Amino acid sequence: MPDLENTKRYDPSEVEPRIVEKWLQSGLFHPEPEGTPEENYSVAIPPPNVTGVLHMGHALNNSIQDCLVRYQRMRGRRTKWIVGTDHAGIATQTQVERALAQEGTSRRDLGRETFVERVWKWRSQYGGTIIEQLKRLGASADYDTERFTLDDDYAQAVLKVFVSLYEKGYIYRDRYMVNWDPGTGSAISDLEVEQREVRDTLYYIDYPLATGSGAITVATVRPETMLADSAIAVHPDDERYRRLIGEKAILPLVGRKLKIIADEYVRPEFGTGALKITPAHDPNDFEIGRKHGLPQPSVIGEDGRITAEAPERFQGMTAADAQRAVVAELSQQGLIARTETYGHTVPFSHRSGQRIEPLISLQWFMAMDELAKPAIEAVTSGRVRFHPANQAKVYLDWMENIRPWCISRQLWWGHRLPVWYRDLDTYVGMEPPPGEGWERDPDVLDTWFSSALWPFATLGWPRETPELRAFYPTDALVTARDIIFLWVARMIMMGLEFTGSEPFSDVYITPIIQAPDGRRMSKSLGTGIDPLDLINGGPRPPVFARGGQPPGDFPAYGADAVRWGLLAMSSGQDVSFSEDKVAQGQQLTNKLWNASRLILLGVGPDARAAATPTTVEDRWILSRLERARTELSARIERFDFSHAALGLYDFIYGELCDWYLELVKPRLRAGEPELSSLLLHVLTETIAMAHPLIPFETEEIYSYVPGAEGLLAARVRPPEDGGAVADAAAEEAVQRAIAAVQALRRWRDQAGVRAGATVTARLEAPGYDETLDHILRLARLSLADANGDGAEPVATIAIPDGAVQILPSAELDLDDAQTRIDEQRAKLASEIDRAERKLANEQFVARAPAAVVQAERDKLDRLQAELKAL
RNA sequence: GGGCGCGUAGCUCAGUGGGAGAGCGCUCGCUUCACACGCGAGAGGUCGCUGGUUCGAGCCCAGCCGUGCCCACCA
């Protein structure tokens, strides 16, 4: 325990690790499975990759979830934050394969069984880091029931879902065009493909007509695929080619005859208006081929090499080599009419970064249309709400145009398909089929298939567990935009299909935090920050250097400051990372620490918190506190985290510290018992409302509060009173006093009055009885005694409803004072002029709302009173 | 091609119809007994541009310019 008296600076690196242990040992984060989902509050974490490490996106996402969970826990709800990790098929397998490559071996060398064992070993070695990092961040998740998407129970859920959807006919096997990723050697789904700008060469190739005279010229960026051409298509209305429809052309290099067909898909204005059709290697051609019943010769295999269906001299070449060979032969034969460079977008694998090879493959698919219907309705009906709301449109647009999902992956790390083959028979079931000779399908499921079950499979589904009864459906889902389709949509569909309920009612889409140069935060680009480097202190990457200085290291900001900073950044859909915001969070924690020291060291050990005001400023702070509490709660509930964070800062700095604590210092030194109780009350309520945002420091401070019991994190806050505590009179009185002090300080500063000097003054304004002593002290004035009553003022300062007259004294420079008065007069006069002109405008008086007009009149009256007092 | 955003003080960003704000940075003054990672005061803005609606526009509408992201099968 730090010595409060001598710890003038809050030190998060000393406090935070201690507090984490305290929380974990308390068992507070693990709720018993009791009550109903309506009474309880639950959140399922987006499961990070088991071998992953915390990045800024996680830090933001989990700061937000923890804010929600802690807030609800302190409202008295039983809270369950489901935590765990994802096996992340491709990502994890790739990691391990990379390690194997370094050892000079490969998964093929090891064989499937050994390889999978190796991945499990890898997982036990490197897995779980991120869970420890979540604890360091303060995430109040239920670590006692940590889940993994490859746990035995979880696997049962996955198998059951597969079998059930197969039996319904939604899951089926088909030979279809897929996105083949040569990098991972697997098919991947449409969502794992990204389009990139590429400059290619567009080749114009002459295909001689079968009649022996003339040729039809086609344009292509992938000449090697011509080996698999099965037709040429033109637009039916294209005058240039109409007479050729039904004719045949000779496929160069191969000699096959290609029918010239008509299809409206072809754009006459592109290239030559004639399109070569390669059904096996282009998604569009695949569709056209099916429509026209064309054969689907396939010349590029899953290994990326030319197959036996191509002429022998090309077989075995890589696609790139084949392209060079094809172009060379065509040029030799004079069949390349011309070439041009051509910029366009082509698909790349999001996983391996390699260019997608579209090809026809036998894969497992899932029909989505029927599943999508209720999931669309869930959002249009408002049972699932997106925040911000316009993200619902993104979801709906995708759902309404949903396509089949390729769910099989040619990997070894994942849930293996519960499918067995024997000759022409296929068996699908949770257990292997009886009898001999069955071969299990070697493929595994897309990782997102199992992720889609996360909110209920983690609670024990398909068993009817107490956890499921108590915590499903969950309440909020907090995630990033980029997985709305991959994950959110699929969870809603699966939740509805298998549990009959939406898996959550609110989806909060976090902003994406970008590097200062506008790029994504990414380790490989050098634009990433490790959140732990911010928390504990660590190297600052060069792009985050400030003011032209060398980057140096981050100071150890602490988890509270990082959390607060991230929340404060969270407005809009994209935000630049701002170290200043984290620094502001650090300032806040330091300020709160010192305010707490003032109170705790000042009140004495026997004081107990009680909300008993005795003065106008007491009533003021209670009123302001209640407003701040109410506002903060409302902002958290509507997922407005940046305003929640900034509003908390404003209350602590702008009201509690700048004014209230300054106002009561004399009473604190006098040891007034009622004040001590009130200060403890205000402190306790302040740290309680701040706790969901800055949990560590507030927990630490709470441990020093006399009479406080247990953990702050477990404290149930009194409900907001909805404004009943609001004390308009006290707020008005103190607000006027603040304005007066500020006006007087400004005058002092500009008139050059020495900072420590006390100046004699006379008050010429009504309504300051309760606050006069405070104003005199904070503005360093003393009231004129009876002898000074008749003196001529050397300066007159406008304050609300009147003025303060400054009487002559040695401290004052009279010229400066006069200048100030003149300036103030001019300023007031111009404001009065503005208000008068506004009120003279008949249109304004006639058409503006009465309250607005009245407010303008009141303002004019006030300004005139102030001017008169000068 | 479609969709969603953004453009306000040097920087990062608040501000959804009624006198332009915060944090940081900058200037000036304070070793005031919670905090010098502090306190007090201040300077600094044609609110991207043009037009429109309105008594009144940073805010609403239209167009334009700049910029970011998502979706999409045009060789």
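FYI, side chains are in, hydrogens and waters are out, and symmetry mates aren't considered; it's all heavy atoms of this structure. In the text below, chain A, chain B and the rest are named by the order of the sequence lines, each starting its count at 1. Quantities reported herein were computed from a predicted structural model and do not represent experimental measurements.
Remark: the A/Glu662 side chain and the B/rA34 base include a donor-acceptor N/O pair separated by less than 3.5 Å. A donor and an acceptor atom sit less than 3.5 Å apart, one in the side chain of A/Lys591 and one in the base of B/rC35.
Distances from the side chain of A/Asn594 to the nucleotides B/rU12, B/rC35, B/rA41 place B/rC35 closest. Of the candidate nucleotides B/rC13, B/rG38, B/rA41, B/rA41 has the atom lying nearest to any side-chain atom of A/Arg746. You'll find that the side chain of A/Arg597 is closest to B/rA34, out of B/rU12, B/rA34, B/rA14. With distances taken from any side-chain atom of A/Lys8 to the nucleotides B/rC30, B/rA36, B/rC4, the minimum falls on B/rA36. Checking B/rC35, B/rA41, B/rG18 against the side-chain heavy atoms of A/Gln742 singles out B/rA41 as nearest. Side-chain proximity of A/Asp397 to B/rA14, B/rG18, B/rG3: nearest is B/rG3. Residue A/Asp749 has its side chain nearest to B/rA41 when only B/rA41, B/rU12, B/rG3 are considered. The A/Ser578 side chain lies nearest to B/rU12 when the options are B/rU12, B/rG29, B/rG5. Nearest to the side chain of A/Asp658, among B/rC35, B/rC24, B/rG40, sits B/rG40. With distances taken from any side-chain atom of A/Arg745 to the nucleotides B/rC33, B/rA41, B/rC4, the minimum falls on B/rA41.
Using modelled atom types, one side-chain atom of A/Ser578 and one backbone atom of A/Lys581 make a donor-acceptor pair closer than 3.5 Å.
Dashed line: the shortest gap from a side-chain N or O of A/Ser571 to OP1 or OP2 of B/rA14 is under 4.0 Å. Close to B/rC33, at under 4.0 Å from its OP1 or OP2, lies no side-chain N or O of A/Lys665. Residue A/Gln587 has a polar side-chain atom (N or O) positioned under 4.0 Å from OP1 or OP2 of B/rG38. Remark: A/Ser642 is not in phosphate contact with B/rC13, judged by side-chain N or O atoms under 4.0 Å from OP1 or OP2. OP1 or OP2 of B/rG5 lies within a sub-4.0 Å distance of a side-chain N or O belonging to A/Asn390.
Applying the side chain to side chain donor-acceptor pair (under 3.5 Å) test to residues at least two apart or on different chains, the pairs with a partner in residues 643-655 of chain A are A/Arg624-A/Glu655, A/Asp640-A/His643.
Of the nucleotides present, B/rG52 is the one that pairs with B/rC60 by Watson-Crick or G-U wobble criteria, both distances under 3.5 Å. Nucleotide B/rA20 has no partner under the Watson-Crick or G-U criteria, as no pair reaches both atom distances under 3.5 Å. Here B/rC39 sits opposite B/rG29 as a Watson-Crick or G-U wobble pair (both hydrogen-bonding atom distances under 3.5 Å). For B/rG7, the paired base is B/rC65 (Watson-Crick or G-U wobble, both distances below 3.5 Å). Base pairing analysis places B/rC47 opposite nothing; no Watson-Crick or G-U wobble pair with both distances below 3.5 Å involves it.
Atoms CG (A/Leu679) and C1' (B/rA34) sit 12 Å apart, rounded to a whole Å. We find that CH2 of A/Trp564 is positioned 11 Å from C1' of B/rC24, with the value rounded to whole Å. In this entry the distance linking OH of A/Tyr557 with C1' of B/rC24 reads 11 Å, nearest Å. Across the protein-nucleic acid pair, A/Glu5 atom CD and B/rC35 atom C1' stand 14 Å apart, rounded to whole Å. When rounded to the nearest whole Å, the span between CH2 of A/Trp593 and C1' of B/rA34 equals 12 Å. Between A/Asp580 atom CG and B/rG10 atom P the separation is 16 Å, expressed in whole Å. At whole-Å resolution of the value, CG in A/Leu567 and P in B/rA14 are 15 Å apart. Atom C1' of nucleotide B/rG18 and atom CG of A/Leu839 are separated by 12 Å, given to the nearest angstrom.
Residue contacts shown for A/Pro849 include a base, since a base heavy atom lies under 4.0 Å away.
A/Gln514 is linked by a side-chain hydrogen bond (donor to acceptor under 3.5 Å, both in side chains) to nothing, counting only residues two or more places apart in sequence or in another chain. Remark: A/Asp574 pairs with A/Arg481 by the side-chain hydrogen bond (donor to acceptor under 3.5 Å, both in side chains) rule, at least two apart or across chains. The side chain to side chain contact (heavy atoms under 4.5 Å, CB included) search around A/Asp263 returns A/Tyr265, A/Ile288, A/Lys291, A/His292, not counting sequence neighbours.
For the pair A/Arg403 and A/Trp398, the NZ or CZ position fails the cation-pi test of under 6.0 Å to the six-membered ring centre and within 45 degrees of the ring normal.
Nucleotides B/rC30 and B/rG44 are separated by 23 Å at their C1' atoms, to the nearest Å. Nucleotides B/rA57 and B/rC49 place their C1' atoms 16 Å apart, quoted to the nearest Å. With both ends at atom P, the span from B/rU46 to B/rC11 equals 13 Å, rounded to whole Å. Between B/rA41 and B/rU8, the two C1' atoms lie 25 Å apart (nearest whole Å). Taking atom P in both B/rC74 and B/rC6, the straight-line distance is 28 Å, to the nearest Å. For the C1' atom pair drawn from B/rC64 and B/rG23, the interatomic distance equals 34 Å after rounding to whole Å. B/rG51 and B/rC47: their P atoms are spaced 13 Å apart (whole Å). With both ends at atom C1', the span from B/rC4 to B/rG42 equals 42 Å, rounded to whole Å.
Between A/Tyr10 and A/Trp593, the angle of the ring planes lies from 30° to 60°, which puts this pair in the tilted group.
Mapped onto RNA chain B by nearest heavy atom, A/Trp659 and A/Ala568 fall at different nucleotides, with A/Ala568 at the one closer to the 5' end.
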Exercise for the section: Sugar-phosphate atoms are those with a prime plus P, OP1 and OP2; base atoms are the rest. Using that split, label each nucleotide of nucleotides 66-75 of chain B B, S or - for protein heavy atoms under 4.0 Å, 5' to 3'. Expected result: --BSSS-BBB

Exercise for the section: Give the intermediate values and the outcome of side chain to side chain donor-acceptor pair (under 3.5 Å) for residues A/Asn594 and A/Ser596. Expected result: CA-CA 5 Å; A/Asn594 280 295; A/Ser596 304; over 6 Å; no

Exercise for the section: Any chance you could lay out the side chain to side chain donor-acceptor pair (under 3.5 Å) test for A/Asp560 and A/Thr589, step after step, and finish with the verdict? Expected result: CA-CA 8 Å; A/Asp560 282 335; A/Thr589 56; over 6 Å; no

Could you list the donor-acceptor pairs under 3.5 angstrom formed by side chains in residues 386-394 of chain A, with sequence neighbours left out?
from, atom 1, to, atom 2, distance (Å)
A/His387, NE2, A/Asp506, OD1, 2.7

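A side-chain N or O of A/Tyr557 and one of A/Glu579 form a donor-acceptor pair less than 3.5 Å apart.
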